[in-house]
Amino acid sequence: MRIRNSFWAMLGQDISGSPDTLSQVHRAMLALVEEYCPDNAELRHKLTFATDIDALWYLRSNLMAALVASQGETVARDCISRITLLFQGRQPGGALRGQS
């Protein structure tokens with residue numbers, strides 16, 4: 001566990017994501033790669049080895065680029081919008097934004 005995550009966990013605001021959330025987001029992102037851009041081994045590899053919700057959050061831009069290249073911007077935006085909903089309350093820095 002990274003220091004930042006353990007710090008927020010001590011404050012009762014663990015931003016690493018629950019295993020269920022992580023697994024759900026992970027599966028959804030990999031499913032999009034398999035469905036729309038199965039030849040993108042590099043992205044599949046990055047997603048497969050992403051170990052926390054932060055890594056998956058930042059890989060959304062890679063996924064968006066791959067989807068745009070294979071399906072066009074309209075489909076890509078729709079897919080990324082659905083993925084982003086899965087991160088509700090789990091975006092990196094979300095605990096900081098909510099404390100103003």
Side-chain angles (χ1 to χ4, degrees):
M1 180 182 292
R2 292 182 288 180
I3 293 172
R4 178 176 60 151
N5 289 345
S6 60
F7 174 74
W8 288 112
M10 286 187 322
L11 295 176
Q13 302 198 16
D14 185 0
I15 63 171
S16 63
S18 71
D20 291 338
T21 301
L22 180 64
S23 178
Q24 181 183 18
V25 173
H26 198 250
R27 283 191 316 267
M29 292 177 82
L30 282 170
L32 287 174
V33 171
E34 291 303 319
E35 182 175 348
Y36 293 115
C37 37
D39 295 332
N40 194 327
E42 181 181 355
L43 179 56
R44 186 180 316 108
H45 178 79
K46 286 179 181 181
L47 287 169
T48 298
F49 292 100
T51 58
D52 60 26
I53 202 77
D54 290 2
L56 292 173
W57 174 260
Y58 292 115
L59 282 170
R60 289 176 320 120
S61 61
N62 298 63
L63 180 57
M64 176 73 175
L67 290 170
V68 167
S70 68
Q71 301 297 312
E73 189 169 350
T74 303
V75 171
R77 284 185 183 274
D78 181 54
C79 291
I80 295 301
S81 293
R82 287 183 280 136
I83 291 295
T84 300
L85 289 174
L86 299 175
F87 285 92
Q88 188 171 2
R90 298 287 184 192
Q91 300 91 344
L96 295 175
R97 285 193 296 269
Q99 294 180 357
S100 38

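Just so you know, these numbers come straight off a predicted model, no measurement behind them.
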How many angstroms lie between [atom1] in [X] and [atom2] in [Y], if you round to the nearest 0.5 Å?
X	Y	atom1	atom2	value
Leu22	Phe87	CG	CZ	9.0 Å
Gln71	Glu35	CD	CD	8.0 Å
Ser61	Met64	OG	CE	10.0 Å
Leu67	Arg60	CG	CZ	12.0 Å

> Would Ser81 and Arg77 count as having a side-chain donor-acceptor pair, cut-off 3.5 Å?
Replying inline: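 No, Arg77 and Ser81 have no side-chain donor paired with an acceptor closer than 3.5 Å.
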>> Tell me every residue that passes ring pair (Phe, Tyr, Trp, His ring centres under 6.0 Å) with Tyr36, counting only those two or more places apart in sequence or in another chain.
In response: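 Result, ring pair (Phe, Tyr, Trp, His ring centres under 6.0 Å) vs Tyr36: none returned.
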> Out of Leu63, Val68, Leu85, which one pairs with Ile80 under the side chain to side chain contact (heavy atoms under 4.5 Å, CB included) rule?
Replying inline: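 In the set Leu63, Val68, Leu85, the residue that makes a side chain to side chain contact (heavy atoms under 4.5 Å, CB included) with Ile80 is Leu63.
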>> Exactly one of Val75, Ile83, Leu47, Leu43 should register a side chain to side chain contact (heavy atoms under 4.5 Å, CB included) with Leu32. Which one does?
In response: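 Only one of Val75, Ile83, Leu47, Leu43 forms a side chain to side chain contact (heavy atoms under 4.5 Å, CB included) with Leu32, namely Ile83.
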> Looking only at heavy atoms, what is the nearest atom pair of Leu86 and Thr21, with distance?
Replying inline: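 Closest heavy-atom pair between Leu86 and Thr21: O-CG2, 4.1 Å.
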> Quick one: salt bridge (charged side-chain N to carboxylate O under 4.0 Å, His left out) partners of Glu34, sequence neighbours excluded?
Replying inline: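 If we apply the salt bridge (charged side-chain N to carboxylate O under 4.0 Å, His left out) test to Glu34, skipping adjacent residues, the hits are Arg44.
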